[in-house]
*Asks:* 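Got a structure for you, written out below as structure tokens; questions coming shortly.
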Amino acid sequence: MTAPLLIIAAGGTGGHMFPAQALAEAMLAKGWRVRLSTDARGARYTSGFPDAVEISVVGSATFARGGILQKLAVPFRIVGGIAAAKWKMLFDRPAVVVGFGGYPAIPAMAAAWALRVPRMIHEQNGVLGRVNQLFAKRVNKVACGTWPTALPKGVEGVHTGNPVRSAVLERAAAPYIPPGDYPMSVVVLGGSQGARIMSDIAPPAIAALPEHIRRNVRVSHQAREEDLERVSNYYEAEMINAEVQTFFADVPDRMAEAQLVISRSGASTVADVSIIGRPAIWVPLASAIRDEQTANARQLVENDAAVIMTETEFEVAPLTAMLEKLLSDETGMMKMSQAAVRCSVPDATERLVGLVEELAAPAQK
């Protein structure tokens, strides 16, 4: 008997591709066949997927890029991609199709809807992306990585959480050492592309801390390439112990050793911080169209595991005041750490697997 086929439809960003990869690995381990449906751009981000995953490149496009001629061609490319996806499904019918968002997911999701294949979407953020918004009422299940997630009227979501890397799970609920009169680690992250506001505000805010706190602070600061030298030089001139890099390969370890994280509130970062269990200052990306980063941080903030500072509030003096307050509150920070863990979903991948198997069950009887 041929192994059941799972088609995963995903776009080309890490936010879409990482949970897609986690599900692919888990379903392969259960003996399923897995095919990733994406476009040419998305295919460039598939190096982390197991070799056993078949990569199917279909046509898709977005109105958000290119000139007038490219925008005029968008509907034709999408229709062509849907036709190609339907053709493949007719010859090798999947048991389930799962969409993770991004416009490259459109062809496979639309084909699955047309052929009435069991299907679901997974939304990483607390607000549905455009493509997931399109399919929310056209799928059998809506899996939510962030809770609560704003959903269209009449649509019920299932809280699965966001899958995280094995390196994060290895540090799940790592013992927390609250701040005190000894070395304290602060991790400053700006998301996958870094963030200039972090490099402009965090260093002088840390430098302005009272000496009894400042002398103990150790900083891991992720900065953009163009900000690397000035940020490093600033910390050095202020005699603050800091490592400044464009990318830290060992972020889970650094988080586990930290007393506090200052970061953008991307869905995957929020999941990492909550699973490891660290107090955080979230600075949502103000330019996000749907303000999804504020939604991502909401559960942790409402459960007293973190604080939010909007970009308007994120100035040197207010950040210094917030850092002084947090790094002086041993009991409060311990409670924040514990609250973060209570908000976490370390079995997110298993929950997604359960939904896939539930959708596939009627067809396999």
Side-chain angles (χ1 to χ4, degrees), residues 18 124 126 145-147 161-192 195 198 201-202 205-206 209 213 216-222 241-243 245 247-284 293-294 296-309 314 319 322-348:
F18 181 74
Q124 299 82 49
T146 297
W147 198 256
N162 283 311
V164 300
R165 293 164 289 169
S166 58
V168 175
L169 289 176
E170 287 168 6
R171 305 308 297 264
Y176 180 65
I177 300 173
D181 190 14
Y182 38 74
M184 298 181 289
S185 175
V186 176
V187 175
V188 182
L189 301 171
S192 59
M198 295 292 182
I201 303 300
I206 292 168
L209 283 167
I213 296 176
N216 288 321
V217 171
R218 310 290 186 267
V219 182
S220 296
H221 186 126
Q222 180 204 14
N241 186 332
E243 274 190 75
Q245 297 181 22
F247 175 77
F248 289 109
D250 58 346
V251 166
D253 290 337
R254 289 175 187 267
M255 282 185 182
E257 293 163 6
Q259 274 65 47
L260 178 66
V261 176
I262 306 171
S263 178
R264 289 294 198 201
S265 45
S268 59
T269 305
V270 170
D272 291 352
V273 169
S274 64
I275 284 174
I276 294 171
R278 293 299 173 260
I281 297 173
W282 299 116
V283 188
Q293 290 206 356
T294 298
N296 294 345
R298 186 171 294 129
Q299 184 189 23
L300 287 170
V301 173
E302 290 178 352
N303 285 276
D304 299 321
V307 296
I308 273 186
M309 296 185 74
F314 195 69
L319 179 57
M322 182 61 71
L323 289 171
E324 182 177 359
K325 176 185 175 184
L326 294 176
L327 295 176
S328 301
D329 186 0
E330 178 179 342
T331 302
M333 292 283 271
M334 179 61 83
K335 287 180 178 178
M336 288 176 76
S337 170
Q338 294 165 345
V341 173
R342 288 196 296 272
C343 292
S344 70
V345 187
D347 63 340

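Values in this document were obtained by computation on a predicted structure and should not be read as measured data.
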*Asks:* Extract all donor-acceptor atom pairs below 3.5 Å that involve side chains of residues 333-345 and protein atoms in other chains or at least two apart in sequence.
*Replies:*
{"unit_1": "Ser337", "atom_1": "OG", "unit_2": "Gly277", "atom_2": "O", "d": "2.7"}
{"unit_1": "Ser344", "atom_1": "OG", "unit_2": "Val341", "atom_2": "O", "d": "2.6"}

*Asks:* Rounded to the nearest 0.5 Å, how far apart are CG of Leu260 and CE of Met322?
*Replies:*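 If we round to the nearest 0.5 Å, Leu260:CG and Met322:CE are 10.0 Å apart.
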*Asks:* Is there a side-chain contact between Ile206 and Val217, using heavy atoms and a 4.5 Å cut-off?
*Replies:*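 When only atoms from C-beta onward are counted, Val217 and Ile206 do touch, with a gap below 4.5 Å.
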*Asks:* Verify, without hydrogens or angle tests, whether Arg278 (side chain) and Val261 (backbone) share a donor-acceptor contact under 3.5 angstrom.
*Replies:*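 Between the backbone of Val261 and the side chain of Arg278 there is no qualifying donor-acceptor contact (under 3.5 Å).
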*Asks:* Among residues at least two apart in sequence or on other chains, which ones pass side chain to side chain donor-acceptor pair (under 3.5 Å) with Ser220?
*Replies:* Arg254
*Asks:* Run the side chain to side chain donor-acceptor pair (under 3.5 Å) test against Ser185 and tell me which residues pass, sequence neighbours left out.
*Replies:* none
*Asks:* Could you tell me which residues satisfy side-chain contact (heavy atoms from CB on, under 4.5 Å) with Asp329, sequence neighbours excluded, listed by chain and number?
*Replies:* Thr331
*Asks:* If we only count heavy atoms from C-beta on, is the Val307 to Trp282 side-chain gap below 4.5 Å?
*Replies:* no
*Asks:* If I take atom CG from residue Leu319 and atom CD from residue Glu324, how far apart are they, to the nearest 0.5 angstrom?
*Replies:* 11.5 Å
*Asks:* Listed by chain and number, what are the side-chain contact (heavy atoms from CB on, under 4.5 Å) partners of Val251, not counting sequence neighbours?
*Replies:*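 Applying side-chain contact (heavy atoms from CB on, under 4.5 Å) to Val251 gives Leu189, Phe248, Met255.
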*Asks:* Could you tell me which non-hydrogen atom of Gln222 sits nearest to which non-hydrogen atom of Gly190, and how far apart they are?
*Replies:*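 The answer is OE1-N, 2.9 Å.
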*Asks:* What residues form a side chain to side chain donor-acceptor pair (under 3.5 Å) with Asp304, not counting sequence neighbours?
*Replies:*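 With neighbours one apart ignored, the set is empty.
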*Asks:* Starting at NE2 of His221, measure out to CD of Glu243 and round the result to the nearest 0.5 Å.
*Replies:*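 Rounded to the nearest 0.5 Å, the NE2-CD separation comes out at 12.5 Å.
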*Asks:* Would the distance check show the side chain of Arg264 and the main-chain N or O of Val283 forming a donor-acceptor pair, the cut-off being under 3.5 Å?
*Replies:* yes
*Asks:* Using a 3.5 Å cut-off and no angle test, enumerate the donor-acceptor pairs between side-chain atoms of residues 162-181 and protein atoms at least two apart in sequence or in another chain.
*Replies:*
{"unit_1": "Asn162", "atom_1": "ND2", "unit_2": "Gln124", "atom_2": "O", "d": "3.0"}
{"unit_1": "Arg165", "atom_1": "NH2", "unit_2": "Asp272", "atom_2": "OD2", "d": "3.1"}
{"unit_1": "Arg171", "atom_1": "NH1", "unit_2": "Asp253", "atom_2": "OD1", "d": "2.7"}
{"unit_1": "Tyr176", "atom_1": "OH", "unit_2": "Gln259", "atom_2": "O", "d": "2.7"}
{"unit_1": "Asp181", "atom_1": "OD1", "unit_2": "Arg215", "atom_2": "NH2", "d": "3.4"}
{"unit_1": "Asp181", "atom_1": "OD1", "unit_2": "Asn216", "atom_2": "ND2", "d": "3.1"}

*Asks:* Is any side-chain heavy atom of Ser274 less than 4.5 Å from a side-chain heavy atom of Leu300?
*Replies:*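 In contact.
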*Asks:* Should Met198 and Ile262 count as side-chain neighbours, where that means a heavy-atom distance under 4.5 Å?
*Replies:* yes
*Asks:* Backbone N or O of Gly266 within a donor-acceptor pair of the Asn296 side chain at under 3.5 Å?
*Replies:*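 It does not hold such a pair.
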*Asks:* Measuring only between side-chain heavy atoms, which start at C-beta, is Pro252 closer than 4.5 Å to Ile276?
*Replies:*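 Side-chain contact under 4.5 Å: yes.
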